[in-house]
Amino acid sequence: MTDDDRIKLEPSWKQALRAEFDQPYMHQLREFLRQEYAAGKEIYPPGPLIFNALNSTPLDKVKVVILGQDPYHGPGQAHGLCFSVQPGVTTPPSLVNIYKELQRDLNIEIPRHGCLQSWAEQGVLLLNTTMTVERANAASHAKKGWEFFTDRIIEVVSEQQANCVFLLWGAHAQSKQKLIDATKHLVLKSVHPSPLSAYRGFLGCGHFSRANSFLEQRGLTAIDWRLPAV
């Protein structure tokens, strides 16, 4: 049995990314994570949820891509979807600002929770460019190999899908624009929704309505950005 046979990954993604699991960077990343676990470090999200973004949004269903940086590093927060937290966890500040813009843009009532799973299941790929983190240690798994893997994910979406919307919020997300074919996809950029920057252009960006207009103009179903109660 090969390494990639042991990885529980949605079939369309497993097919598209199969070659990545044999790359030297992936072997190095796997060894790094093995050592972190062996040292007793607490790693988020939990193992079965590391690939939640891919498992929740099959490649052929991707309509919108939202890029985050790395998972939340507090206990019980991260579950493999960028900006999202598990039910019962306080909504983080950046997500509060995302909700404020949704309310302004689409008159959507601000949810009482921070779980974005329903977006993922409608075709919103909620991808962190680094997919794991050590507890209470932000960016601790950056530059360990994850970025090669997630760059390839972005390229695969750009290559194999048509008429997707890429929402690039902040300088880190915008650094990935070079991986996207803007002749076949819509790329929308703004500052990050963090409280440090949201007032400089995220609030008022209209990205959610613009994304839906783009999808509908191409005969695709719009995203229902309202979140069900959990």
### Task
Can you run down the salt bridge (charged side-chain N to carboxylate O under 4.0 Å, His left out) pairs that involve residues 102-129, sequence neighbours left out, and say none if there aren't any?
E101-R104
### Task
Mind checking the NZ-NZ spacing from K14 to K8? Nearest 0.5 Å is all I need.
9.0 Å
### Query
Do the side chain of H113 and the main chain of P228 share a donor and acceptor less than 3.5 angstrom apart?
yes
### Message
Evaluate V133 against I43 for side-chain contact (heavy atoms from CB on, under 4.5 Å), listing each step before the verdict.
### Response
CA-CA 6 Å; V133 71; I43 306 301; over 6 Å; no
### Query
Are the aromatic rings of H141 and F32 close, with centres under 6.0 Å apart?
yes
### Query
Nearest 0.5 Å, what's the OG1-CD distance between T91 and Q77?
10.5 Å
### Task
Side-chain contact test, heavy atoms from C-beta onward, threshold under 4.5 Å: evaluate it for L168 versus L188 and give yes or no.
no
### Message
In the structure I gave you, are the side-chain heavy atoms of L125 and L54 within less than 4.5 Å of one another anywhere?
### Response
yes
### Query
I108 versus Y99: any side-chain heavy-atom pair under 4.5 Å?
no
### Query
Passes side-chain contact (heavy atoms from CB on, under 4.5 Å), R30 versus F21? Steps please.
CA-CA 10 Å; R30 194 179 285 118; F21 293 101; 4.0 Å; yes
### Test item: F148 and D151 side chains (from C-beta on) under 4.5 Å apart, heavy atoms
no
### Query
Can F208 and I98 be said to form a side-chain contact (heavy atoms from CB on, under 4.5 Å), step by step?
CA-CA 10 Å; F208 302 101; I98 291 170; 3.7 Å; yes
### Task
Kindly say whether H192 contributes a backbone atom to a donor-acceptor pair with the side chain of S197 at under 3.5 angstrom?
yes
### Working for side chain to side chain donor-acceptor pair (under 3.5 Å), residues T132 and W146
CA-CA 8 Å; T132 55; W146 278 125; 2.7 Å; yes
#### Entry: Min side-chain heavy-atom separation P195-S94 under 4.5 Å
yes
### Query
Should K61 and E10 count as an ion pair when the cut-off is N to O under 4.0 Å?
no
### Query
Donor-acceptor pair, D70 side chain versus A139 backbone, under 3.5 Å?
yes
### Task
Kindly state whether the ring of W169 and the ring of F83 have centres lying under 6.0 angstrom apart.
yes
### Query
Is the NZ or CZ atom of R210 positioned over F214's six-membered ring, under 6.0 angstrom from the centre and within 45° of the axis?
no
#### Entry: From T129 atom OG1 to L127 atom CG, the distance as rounded to the nearest 0.5 Å
7.0 Å
### Query
So if you build clusters from Ile, Leu, Val, Met, Phe, Trp, Tyr with side-chain heavy-atom gaps below 4.5 Å, do V85 and F51 land together?
no
#### Entry: Least distance between heavy atoms, E147 atom then A142 atom
OE2-CA, 3.5 Å
### Interatomic spacing from OG1 in T90 to CG in L95 - rounded to 0.5 Å
11.5 Å
### Task
Could you walk me through whether Q35 and Y37 pass the side chain to side chain donor-acceptor pair (under 3.5 Å) test, one step at a time?
CA-CA 5 Å; Q35 292 178 5; Y37 287 120; over 6 Å; no
### Message
Just so I know, are the side chains of L116 and L126 near enough to count as touching, which here means a heavy-atom distance under 4.5 Å?
### Response
yes
### Message
Rounded to the nearest 0.5 Å, what separates atom CD in Q23 from atom CG in L17?
### Response
11.0 Å
### Task
Spell out, as yes or no, whether a donor-acceptor pair under 3.5 Å connects the side chain of H172 to the backbone of Q69.
no
### Task
For R226, look at atom CZ and say whether over 12 heavy atoms of other residues, nucleotides or ligands are found less than 6.0 Å away.
no
### Query
Is the closest side-chain heavy-atom distance between I154 and L67 below 4.5 Å?
yes
### Under 3.5 Å: donor-acceptor pair, side chain of S84, backbone of L81
no
## Note on the structure
Between G206 and S209, the two heavy atoms sitting closest are O-OG, 3.1 Å
### Query
So if you build clusters from Ile, Leu, Val, Met, Phe, Trp, Tyr with side-chain heavy-atom gaps below 4.5 Å, do V64 and V187 land together?
no
### Message
I'd like to know if the side chain of W13 and the backbone of T57 have a donor-acceptor N/O pair within less than 3.5 Å.
### Response
yes
#### Entry: Residues E20, Y25; criterion side chain to side chain donor-acceptor pair (under 3.5 Å); working and verdict
CA-CA 9 Å; E20 297 305 301; Y25 80 80; 2.7 Å; yes
### Query
Does the S56 side chain pair with the main chain of A53, one donor and one acceptor, at a distance under 3.5 Å?
no
### Task
Indicate if L102 and V96 have the same hydrophobic cluster label, given that clusters are the connected sets of ILVMFWY residues with side-chain heavy-atom separations under 4.5 angstrom.
no
### Task
Using the salt bridge (charged side-chain N to carboxylate O under 4.0 Å, His left out) rule, collect all pairs that involve residues 178-198, keeping only residues at least two apart or in two chains.
none
### Task
With the side chain counted from C-beta on, respond yes when L203 and K100 share a heavy-atom pair under 4.5 Å apart, and no when they do not.
yes
## Note on the structure
Here the pair of heavy atoms bringing Q117 nearest to N52 is OE1-ND2, 3.4 Å
### Query
Within the side chain of Q161, is there an N or O that forms a donor-acceptor pair under 3.5 Å with the backbone of V62?
yes
### Summary
side chain to side chain donor-acceptor pair (under 3.5 Å) filter on Y72, not counting sequence neighbours, yields none
### Message
Test of understanding: clusters of I, L, V, M, F, W, Y form through side-chain heavy atoms closer than 4.5 Å, transitively. Do I223 and L106 belong to the same one?
### Response
yes
### Query
Which heavy-atom pair separates M131 from N128 by the least distance, and what is that distance?
CG-O, 3.6 Å
#### Entry: Intermediate values then yes/no, side-chain contact (heavy atoms from CB on, under 4.5 Å), V157 and V65
CA-CA 9 Å; V157 173; V65 179; 4.1 Å; yes
### K63 (side chain) donor-acceptor with T221 (main chain) under 3.5 angstrom
yes
### Neighbour count >12 (heavy atoms, 6.0 Å) for atom CZ, F149
yes
### Query
Checking Q15 side chain against S12 main chain: does a donor-acceptor pair fall under 3.5 Å?
no
#### Entry: Residue pair A78 / Q86: nearest heavy atoms and the distance that separates them
O-NE2, 3.4 Å
### Query
Roughly how far, to the nearest 0.5 Å, is the OG1 atom of T130 from the NZ atom of K143?
8.0 Å
### Message
How close do F202 and S190 get, counting heavy atoms only, and between which atoms?
### Response
CD1-OG, 3.3 Å
### Message
Check for me, please, whether L167 and V156 land in the same ILVMFWY cluster - side-chain distances under 4.5 Å, paths through other members count.
### Response
no
